[in-house]
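Report on one structure; see the data block that follows.
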Amino acid sequence: MSPTTAPIALVTGAGSGIGRAVALGLLAKGYRVALAGRRADALAETAGLSGAASGDVLIVPTDVGDEAAVDALFGQIGERFGRLDLLFNNAGTGAPPVPLEDLPLEAWRRVVDVNLTGAFLCTQWAFRLMKTQTPRGGRIINNGSISAHAPRPGSVAYTATKHAITGLTRSTALDGRAHDIACGQIDIGNAATPLT
């Protein structure tokens, strides 16, 4: 696959765990990949592990819960690649496992901002690109969790947002049909991801 015909992917939370594994897999399959995440050093490490040419990787430190940061991320994707074929909404966080009544509102909001609002903002931008690019359309994959079906005690914020991801996925799939945009979801169980 030549660089001009290689499909373009965006992976959020690409600095570790599932996001890193998916980014490395996509690069190995010939995708050009935008790596988004909070930590520039972790994103650079992912890029280095891939062995991909520098033109195939775009590193954009991004807090997906911040609208301006997501706008800037997609601005760089548009400038560098001119299109987006695959979005993997993977960035996520949790809150301390405390009794429900002791969870600070700030901690709740942070989980909602990253896990749900971040996926929504990235999906909005993906729609904008995918609806207008030639050829049009693309794929969106949301990272849900088995926690939405079988939660652990003390996980109210994480579990609630992962339930909401299923609603986002289903609505996105319906809204995307007319524009050749497909949306699906994976629900992964425990993963060996460093807590950083």
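Since we're looking at a predicted model, the values are computed, not measured. Only this structure's heavy atoms are used, side chains among them; waters, hydrogens and symmetry mates stay out.
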Query - Rounded distance (nearest 0.5 Å) linking atom OH of Tyr31 with atom CG of Asp56 - result: 13.5 Å

Query raised in the report: So, do Thr123 and Phe120 sit near enough that their side-chain heavy atoms are less than 4.5 Å apart?
Result: no

Query raised in the report: Nearest 0.5 Å, what's the CH2-CG distance between Trp108 and Leu100?
Result: 8.0 Å

Query raised in the report: With a 4.5 Å limit on heavy-atom distance, are the side chains of Asn143 and Phe88 in contact?
Result: yes

Query raised in the report: So do Ser145 and Ile188 actually touch side chain to side chain, heavy atoms under 4.5 Å?
Result: no

Query raised in the report: Are side-chain N/O atoms of Asn142 and Thr169 paired as donor and acceptor at under 3.5 Å?
Result: yes

**Report entry** pair Ile140-Asn89: side-chain heavy atoms closer than 4.5 Å
**Finding:** yes

Query - Enclosure of Gln124 CD (heavy-atom neighbours >12, cutoff 6.0 Å) - result: yes

Requested in this report: Examine distances only and state if a side-chain atom of Thr159 and a backbone atom of Val156 form a donor-acceptor pair shorter than 3.5 Å.
Outcome: no

Query - Residue from Ile77, Leu84, Asp71, Leu73 passing side-chain contact (heavy atoms from CB on, under 4.5 Å) with Trp125 - result: Asp71

Query raised in the report: Are the side chain of Asn90 and the backbone N or O of Thr12 linked by a donor-acceptor pair below 3.5 Å?
Result: yes

Query raised in the report: Roughly how far, to the nearest 0.5 Å, is the CD atom of Gln76 from the CD1 atom of Ile59?
Result: 11.0 Å

**Report entry** Main-chain N/O of Pro151 paired to Ser155 side chain as donor or acceptor, under 3.5 Å
**Finding:** no

Report summary line: Scanning both residues in full, the closest heavy-atom pair of Met130 with Ile181 reads CB-CD1, 3.7 Å

Query raised in the report: Is the closest basic N to carboxylate O distance between Asp63 and Arg110 below 4.0 Å?
Result: yes

Requested in this report: Identify the residue among Val11, Thr46, Leu43 that makes a side-chain contact (heavy atoms from CB on, under 4.5 Å) with Arg20.
Outcome: Thr46

Requested in this report: May I ask you to test the Gln133-Asp85 pair for a side-chain heavy-atom distance under 4.5 Å?
Outcome: yes

Query raised in the report: Does any non-hydrogen side-chain atom of Leu58 lie less than 4.5 Å from one of Phe81?
Result: yes

Query - Worked verdict on Ser16 versus Arg39 for side-chain contact (heavy atoms from CB on, under 4.5 Å) - result: CA-CA 10 Å; Ser16 64; Arg39 297 176 297 127; 4.2 Å; yes

**Report entry** Sequence-distant partners of Asp180, salt bridge (Lys or Arg N to Asp or Glu O under 4.0 Å), two or more places apart
**Finding:** Arg136

Query raised in the report: Would you call Val33 and Leu27 a side-chain contact if the rule is heavy atoms closer than 4.5 Å?
Result: yes

**Report entry** Closest non-hydrogen atom pair, Gly30 against Pro7
**Finding:** O-CD, 4.2 Å

**Report entry** N/O donor-acceptor pair under 3.5 Å between His163 side chain and Ala148 backbone
**Finding:** yes

Requested in this report: Identify whether Leu168 and Tyr158 are in the same connected component of the hydrophobic contact network (ILVMFWY, side-chain heavy atoms under 4.5 Å).
Outcome: no

Report task. Mark yes or no for whether Arg83, through its side chain, and Thr134, through its backbone, hold a donor-acceptor pair below 3.5 Å. Result -> yes

Query raised in the report: Which value, rounded to the nearest 0.5 Å, describes the distance between Cys183 atom SG and Asp175 atom CG?
Result: 10.0 Å

Query raised in the report: Roughly how far, to the nearest 0.5 Å, is the CZ atom of Arg139 from the CD1 atom of Ile141?
Result: 9.5 Å

Query raised in the report: Nearest 0.5 Å, what's the CD1-CG distance between Ile8 and Leu26?
Result: 11.0 Å

Query raised in the report: Any side-chain heavy-atom pair from Gln185 and Thr166 closer than 4.5 angstrom?
Result: yes

List the atom pairs, with distances to 0.1 Å, where a side-chain N or O of residues 47-55 and a protein N or O form a donor-acceptor pair under 3.5 Å, not counting sequence neighbours.
| from | atom 1 | to | atom 2 | distance (Å) |
| --- | --- | --- | --- | --- |
| Ser50 | OG | Ala47 | O | 2.6 |
| Ser50 | OG | Ala52 | N | 3.0 |

Query raised in the report: Leu87 and Ala126: which non-hydrogen atoms are nearest, and at how many Å?
Result: CD2-CB, 3.8 Å

Query - Donor-acceptor contact present, side-chain Arg32 to main-chain Thr5, <3.5 Å - result: no

